Amino acid sequence: MFSIIVGLVIMASTIFYYFCVRPMNYWKRKGVHQGYPSWLFGDILRNILGLECFLITVYDGYMNAANKRYFGMYMFAKPLLVIKDPALVMEITVKAFDNFADHHDIIPTEADPLWAKSLVQLKGEDWRFMRPLMSRSFSVSKIKTMYKLMSDCAKNFVDHFKNRIETSIELNVLDVTARYTNDVIASVAFGVTVDSMNNPDNEFFQVAKRTTDLTRFWLNLSAFAALVLPGSIMKIFGLRFFDEDVRKYFFNVLQDSLRMGKDSGTLRSQLIESLLEAQSAAKKDGSLRQLDDDDILAQSLIFFVGGSETVSKLIGFICYELAMNKEMQDRLRAEILDVSRENDGEITYDATMKMEYMDMIISESLRKWPIMGGIDRICTKSYKIEPVTPDEQPIIIEEGTQTWIPIWSIHHDPKYFPDPEKFDPERFNEERKKEMYPYAYNPFGLGPRSCLGQRFSLLKCKIIIMHIISNFELEPCQKTKVPLGLLNKAFLVNPEVDIIVNMKKCTPKNN
Ligand code: HEM
């Protein structure tokens, strides 16, 4: 009996050592700096418990690894190489793209086949096939045609508040900007008109809200579970991105929109138009790679997952910073009104693109609040990082290893952005932009896999800010949280509390 117990203890200790202790020395064995990971959970225990935002955990590790170009972390037992040095970031994302071509599976294909078809998750040849097709939908000429649709939604937003009797309104910024971004997506990606400003209970908005809430418990649980569980187990527990009813709902919306487009001879969805062209071209020439309806639906849903929360949060942070910095707000208003006067009150796409101070404000907001916080690349072909400092040795990154580009940390590193907590749009004036450390500013990622929606997001953001600032004054109120930090339970950039500011109608005097 005694020997059985001893045997079991030895077996349990050996298993524990091999699965929970030994993996936490992976980077040490390679001579790479690492922190103090805990057994089993690695460096993410506080994130799993919702005690700290993952970006802050990485930032602490980043600061502790002073003078290093990279350092190691662990997500449970999975090693993660964090790239600190902007030149090395460029090497991995651009020069060595073929070795680091893919993202890791946020949710495995087996658990959520629709999510696996979206460009964000596509891999290898499938990604190479889809990226140029999708890029057509985001060309300058396509974006220009979206200008009017976006302006209509922004005008609806402003009218909603202008028509209210109060001269000052306490605004939960993210709540209302989510409604604006929703209406834009409904219009440009699905070709339907919804009015979430005046009718926030509309079904499209309600289903979209469920899809885009990236802080929702099940999604975060799924993302953590995907680090340890095989797809088949996740499928059994229903851990996925898109619920079946969400898929069905948007599939029907898309089908209706296509049918109506065919009947009237005009298809309003800019995105679908390009994909449908590709679908019928592939059918005609009998190409091996056909596009099915789920391929198209998956790309439309990216607008929600990649492009809804991100843009509404960016607008939210800009409103917050402008409310906190009245002089900057006044200067921006003056620029907008000047451009408007020059164009007889009608601001065009080209005029919007010429607003220099607007660009500075948005760039600095994305510097201080880089919505994605970081990006990953999976090593798809093993790669050697050559040493450049005396204390470095060559390291081989093995195939399958995950790397992390800590955008938040780099954007908050005083070495690249002095006084990083200060909101200072002057960092992006023509003179200082030239002095900026190369590859340190990357809110949209970089290289062939950088954000496809960059142009679209910036335009959508400029249009609404233009409408808000030319009609209202923003100022902090009692409920405005100062300073504003990050939400602990979120993985990426989320404000710790609602962003609440006062919005006052502009009087002719302050116009
Ligand atoms: C403020 C808004 C946004 C920010 C800050 C942002 C940021 C990012 C970042 C950092 C990446 C990863 C890039 C990389 O790995 O190098 C990304 C990827 C992507 N984004 Fe965005 N994004 C925004 C809005 C949008 C919008 C509105 C759309 C679509 C309508 C969009 C579509 C995509 C797609 C499709 C990818 C994957 C590209 C690929 O893998 O080829 N994003 N975005």
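Counting begins at 1 with the first residue of the sequence. The structure displayed is predicted, hence computed values, not measured ones. All ligand and atom numbering here is 1-based and tracks the order in the structure.
The side-chain contact (heavy atoms from CB on, under 4.5 Å) search around Thr348 returns Asn343, Asp350, Ala351, not counting sequence neighbours. Contacts of Lys415 classified as salt bridge (Lys or Arg N to Asp or Glu O under 4.0 Å), with partners at least two apart in sequence or in another chain: none. Annotation: side-chain contact (heavy atoms from CB on, under 4.5 Å) contacts of Asp498 (sequence neighbours excluded): Asn172, Ile500.
Using a cut-off of 4.0 Å between Lys/Arg side-chain N and Asp/Glu carboxylate O, Asp152 and Lys148 are scored as salt-bridged.
The neighbour count for Lys123 NZ, taken as heavy atoms of other residues, nucleotides or ligands under 6.0 Å away, is above 12.
The distance between the ring centers of His412 and Phe417 does not fall below 6.0 angstrom.
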Between ligand 1 and the protein, which N/O pairs are shorter than 3.5 Å?
from: ligand 1; atom 1: 15 (O); to: Arg377; atom 2: NH1; distance (Å): 2.6
from: ligand 1; atom 1: 15 (O); to: Arg377; atom 2: NH2; distance (Å): 3.2
from: ligand 1; atom 1: 16 (O); to: Arg377; atom 2: NH2; distance (Å): 2.8
from: ligand 1; atom 1: 16 (O); to: Leu446; atom 2: N; distance (Å): 3.3
from: ligand 1; atom 1: 40 (O); to: Arg449; atom 2: NE; distance (Å): 2.8
from: ligand 1; atom 1: 40 (O); to: Arg449; atom 2: NH2; distance (Å): 3.3
from: ligand 1; atom 1: 41 (O); to: Trp127; atom 2: NE1; distance (Å): 2.8
from: ligand 1; atom 1: 41 (O); to: Arg131; atom 2: NH1; distance (Å): 2.7

